[in-house]
Participant: 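Structure incoming, see below.
Only this structure's heavy atoms are used, side chains among them; waters, hydrogens and symmetry mates stay out. So you know, we letter chains A, B, ... as the sequences are listed, proteins then strands, and number each from 1.
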Number of protein chains: 2
Amino acid sequence: MAKEAGVSVATVSRVINKKGVCSKDTEQAVLSAVEKLGYKPNLFGKALRRSETKIIMVLLSSLANTFCSSVIRSIDRIAGMHGYYTMVCATEGIKEKEEYYINFATNGLFDGIIILNSSLSKAEMSSLSKTIPVVQCNEYIDTKDTPYVSIDNTKAAYDAVSLLISNGRRRIVFYTADNNLVSTKGRFDGYKSALDDNGIPFDEKLVIYGNYGYRNAVTGFSDFLDQGIEFDSIFAISDRMAAGAMSVLGERGIRVPEDVEIVGFDNTDISYTSTPKITTVAQPHHDLGENAFCQLENIISGRHTANVILSHRIVRRDSTK
Amino acid sequence: MAKEAGVSVATVSRVINKKGVCSKDTEQAVLSAVEKLGYKPNLFGKALRRSETKIIMVLLSSLANTFCSSVIRSIDRIAGMHGYYTMVCATEGIKEKEEYYINFATNGLFDGIIILNSSLSKAEMSSLSKTIPVVQCNEYIDTKDTPYVSIDNTKAAYDAVSLLISNGRRRIVFYTADNNLVSTKGRFDGYKSALDDNGIPFDEKLVIYGNYGYRNAVTGFSDFLDQGIEFDSIFAISDRMAAGAMSVLGERGIRVPEDVEIVGFDNTDISYTSTPKITTVAQPHHDLGENAFCQLENIISGRHTANVILSHRIVRRDSTK
DNA sequence: AAAATCAATGTAAACGTTTACATTTTATAA
DNA sequence: TTATAAAATGTAAACGTTTACATTGATTTT
């Protein structure tokens with residue numbers, strides 16, 4: 001390449017990066033050589049020298065979740081505006097894959113990581129943050145080393161359950177998942193404290209567990225119905241679970257919202273493509289993504305960072321009155 | 001690192017890559033130094049030297065499509081088994097982003113590309129294939145240089161429409177999109193030839209255009225109904241369009257499948273989460289992904305490649321009799 | 001006309017690997 | 001013993017950049 005233009009590699013570099021001076025003539029010579037050869041600077045040479053790549057990784061468990069893909073899109077947009085590129089790595093819940101993707105990052109492939117969810121322990125998260133800039137988005141572990149951007153899950157659940165209560169419901173099923181995510185824990189807290197504030201006793205039998213999915217909810221909720229436990233409404237921690245439960249109710253001739261009211265979570269497609277449309281808790285995907293990137297850039301640039309809690313919103317649809 | 005173990009960099013490299021001989025003692029020394037320092041070989045040094053990264057890129061327009069994410073998962077699984085890692089780049093339909101992701105690839109970041117869909121022209125696709133191994137999966141352009149793995153869209157549509165016809169339907173709406181994708185074109189051909197083979201005249205008025213989405217279909221199909229054109233069934237090129245149309249029919253008191261039968265495409269979530277469940281054309285995601293990767297590996301290893309056409313399957317549900 | 005300044009460009013080191021080749025050490029054979 | 005072979009390890013070049021520094025040549029100042 002340098003030979004083609006008849007100049008030194010240094011000059012080529014200067015022209016391409018518009019750094020330092022050079023004459024119009026050489027600039028032209030280089031530029032046309034670039035054109036002629038279709039020359040593209042090698043990423044590795046550059047990265048090796050600069051020790052930065054301007055690429056950030058977004059790590060999550062599954063691409064299937066449309067809420068996540070929406071957050072990713074926001075991250076990507078703002079990152080692009082700041083000269084960064086985004087690459088998405090889905091672990092599919094496999095620890096090994098998570099490890100090797102993180103390895104890429106710690107080996108220099110990425111300038112930072114935004115973690116939507118991971119199986120990292122508190123200690124691992126903390127030590128990873130010492131190796132490379134990391135911010136958590138949406139789901140998080142509260143370590144002192146890794147900033148997070150999320151919503152107040154407790155308050156969100158509180159609001160959702162309060163809506164049901166204000167509609168006169170008192171036997172509210174909490175359809176949750178058996179895991180230790182902050183979101184799950186927070187939503188459980190919110191559920192309980194809404195009951196509490198309204199003088200409704202907490203009933204363990206109304207808490208059921210699924211895995212966020214639709215199909216699992218169809219069989220799971222069916223089993224619940226078979227137990228004959230009395231209830232008048234459902235608050236589910238995912239729209240898909242809400243939809244699955246609703247479909248079972250439909251099959252059994254139980255009307256929504258007349259007999260049972262339902263509130264889901266995430267405002268995903270299924271909440272408005274199902275019949276009736278499902279009332280749900282919407283998280284601000286756009287702001288989540290944007291703030292996460294900003295925090296990451298703060299770390300990269302050595303600026304001060306902070307945890308960010310964004311506000312949610314209840315989207316009322318036809319599954320509640 | 002080399003100093004820590006008290007050996008040369010060459011020895012370190014040999015130990016780590018288990019290449020060439022060395023004594024048990026030095027091996028131990030290196031290994032414990034690795035352990036102590038938490039040493040990770042730098043990806044760029046390695047890539048620069050080897051000119052390979054063992055990473056492949058999957059390029060697509062949007063992560064929102066669950067069919068695509070399912071194909072990606074298959075690619076990823078088989079790639080992992082062959083020592084390759086996968087990274088997903090979503091263009092969101094933005095030409096610039098497509099370009100810079102492709103740049104990463106041509107600059108050495110990736111050993112190959114699997115394109116699920118792109119806005120590349122035939123010429124661009126062809127010339128890209130001369131720079132880096134590329135295979136097209138699912139959606140494709142027929143260039144002589146870039147192998148593809150897909151289904152026979154014409155036959156799939158033919159089968160779907162034949163099902164409707166064999167159920168006695170003759171006024172079949174073709175709900176399609178206004179683009180030049182092979183899938184769209186093929187499905188149109190299949191639709192027409194099924195009509196033809198059954199002596200049903202093609203009626204231009206029964207062809208309507210949407211953008212694959214649910215919301216678009218709700219308004220679009222509503223407009224169609226307002227025109228008062230007589231029809232007794234719908235074949236849509238996406239499940240979401242089928243679901244959107246079905247929801248409009250529901251609102252207007254038109255029964256599915258009694259009054260109108262519907263067939264969708266892709267066997268995505270919405271086809272079984274909507275009520276009634278939608279009959280659809282299932283593509284073999286697993287095989288699509290697997291074959292795409294195998295073809296890519298063929299190119300990388302300089303072996304012979306071929307285009308692959310996999311078979312589809314009609315999944316009968318409640319939107320047809 | 002000599003000295004000083006400045007613009008344009010080249011030189012070479014550095015980034016962290018891999019690997020052909022050279023060298024050293026150790027074991028074996030004569 | 002010494003010569004030879006084999007094993008272990010080191011040396012140095014190469015990959016493609018960036019950049020501090022050096023060099024060249026032209027222009028300006030004295």
Side-chain angles (χ1 to χ4, degrees), chain A residues 1-55 83 85 100 103-111 131-132 300, chain B residues 1-55 83 85 100 103-111 131-132 300:
Chain A
M1 165 62 200
K3 304 123 208 174
E4 173 72 27
V7 299
S8 75
V9 289
T11 306
V12 172
S13 176
R14 274 188 293 257
V15 170
I16 287 176
N17 300 300
K18 307 189 201 332
K19 221 167 194 171
V21 288
C22 88
S23 74
K24 279 286 163 213
D25 285 357
T26 21
E27 184 176 344
Q28 256 319 309
V30 171
L31 257 29
S32 56
V34 165
E35 187 66 28
K36 182 175 170 192
L37 275 61
Y39 167 81
K40 300 275 172 55
N42 178 293
L43 199 62
F44 298 112
K46 180 181 289 200
L48 191 54
R49 180 58 216 238
R50 286 214 170 141
S51 42
E52 71 169 9
T53 63
K54 289 287 175 183
I55 311 177
Y85 306 125
Y100 72 61
N103 265 354
F104 282 144
T106 54
N107 288 357
L109 220 197
F110 305 115
D111 290 354
T131 319
I132 182 172
I300 293 173
Chain B
M1 164 62 201
K3 304 124 208 177
E4 173 71 28
V7 299
S8 75
V9 290
T11 305
V12 172
S13 176
R14 273 188 294 257
V15 170
I16 287 176
N17 300 300
K18 305 190 201 333
K19 221 166 193 173
V21 289
C22 87
S23 73
K24 279 286 164 215
D25 285 357
T26 22
E27 183 175 343
Q28 255 320 306
V30 171
L31 256 30
S32 56
V34 165
E35 187 67 27
K36 181 174 171 195
L37 276 59
Y39 167 81
K40 300 276 173 53
N42 178 292
L43 199 61
F44 298 113
K46 179 182 292 202
L48 191 54
R49 179 60 218 234
R50 286 212 171 144
S51 43
E52 71 169 11
T53 63
K54 289 286 175 185
I55 311 177
Y85 306 125
Y100 73 61
N103 264 355
F104 282 144
T106 54
N107 288 356
L109 219 197
F110 304 115
D111 290 354
T131 319
I132 182 173
I300 293 173

Participant: To the nearest angstrom, how far is A/Tyr39 atom OH from D/dG16 atom P?
Facilitator: 9 Å
Participant: Just N and O in the side chain of A/Thr26: are any of them under 4.0 Å from OP1 or OP2 of C/dA8?
Facilitator: no
Participant: Hey, which of these two, A/Val21 or A/Val9, hits DNA chain C nearer its 5' end, going by closest nucleotide?
Facilitator: A/Val21
Participant: Taking A/Lys19's backbone N and O only, do any of them form a donor-acceptor pair with A/Asn17's side chain (distance below 3.5 Å, no angle check)?
Facilitator: no
Participant: Please give, in whole Å, the distance from C/dA7 P to A/Lys24 NZ?
Facilitator: 15 Å
Participant: Give a yes/no answer on whether the side chain of A/Lys19 brings an N or O atom under 4.0 Å of OP1 or OP2 in D/dT19.
Facilitator: yes
Participant: Please give, in whole Å, the distance from C/dG16 P to B/Arg50 CZ?
Facilitator: 18 Å
Participant: Between C1' on C/dT18 and CZ on B/Arg14, what's the gap in Å once rounded to a whole number?
Facilitator: 10 Å
Participant: How long is the line joining NZ of A/Lys46 and P of C/dT17, in whole Å?
Facilitator: 21 Å
Participant: Of B/Asn107, B/Asn103, B/Thr131, which is the lone residue that meets side chain to side chain donor-acceptor pair (under 3.5 Å) with A/Lys40?
Facilitator: B/Asn103
Participant: From CG of B/Leu43 over to P of C/dT17, roughly how many Å is that when rounded to an integer?
Facilitator: 10 Å
Participant: Report yes or no: does A/Thr53 contribute a side-chain atom to a donor-acceptor pair with the main-chain N or O of A/Ala47 at less than 3.5 Å?
Facilitator: no
Participant: For a quick test of reading the model: is some side-chain N or O of A/Ser51 closer than 4.0 Å to OP1 or OP2 of C/dC15?
Facilitator: no
Participant: Report which part of the nucleic acid A/Val7 touches: base, sugar-phosphate, or nothing (heavy-atom distance under 4.0 Å, all strands).
Facilitator: sugar-phosphate
Participant: Strictly distance-based, threshold 3.5 Å: is any side-chain N or O of B/Asp111 a donor or acceptor partner for the main-chain N or O of B/Lys54?
Facilitator: yes
Participant: Looking only at side-chain N and O atoms, does A/Ser8 come under 4.0 Å of OP1 or OP2 in C/dT11?
Facilitator: no
Participant: So, does the side chain of A/Arg49 form a donor-acceptor pair with the base of D/dT17 at under 3.5 Å?
Facilitator: no
Participant: A/Leu48 CG to C/dT18 P: how many Å, rounded?
Facilitator: 12 Å
Participant: Does A/Ser23 have a side-chain nitrogen or oxygen under 4.0 Å from the phosphate oxygens OP1 or OP2 of C/dT9?
Facilitator: yes
Participant: Using only side-chain N and O atoms of A/Asn42, determine if any of them is under 4.0 Å from OP1 or OP2 of D/dC15.
Facilitator: no
Participant: Expressed as a whole number of angstroms, how long is the span from A/Glu27:CD to C/dA8:C1'?
Facilitator: 13 Å
Participant: Does the A/Thr26 side chain pair with the main chain of A/Cys22, one donor and one acceptor, at a distance under 3.5 Å?
Facilitator: no
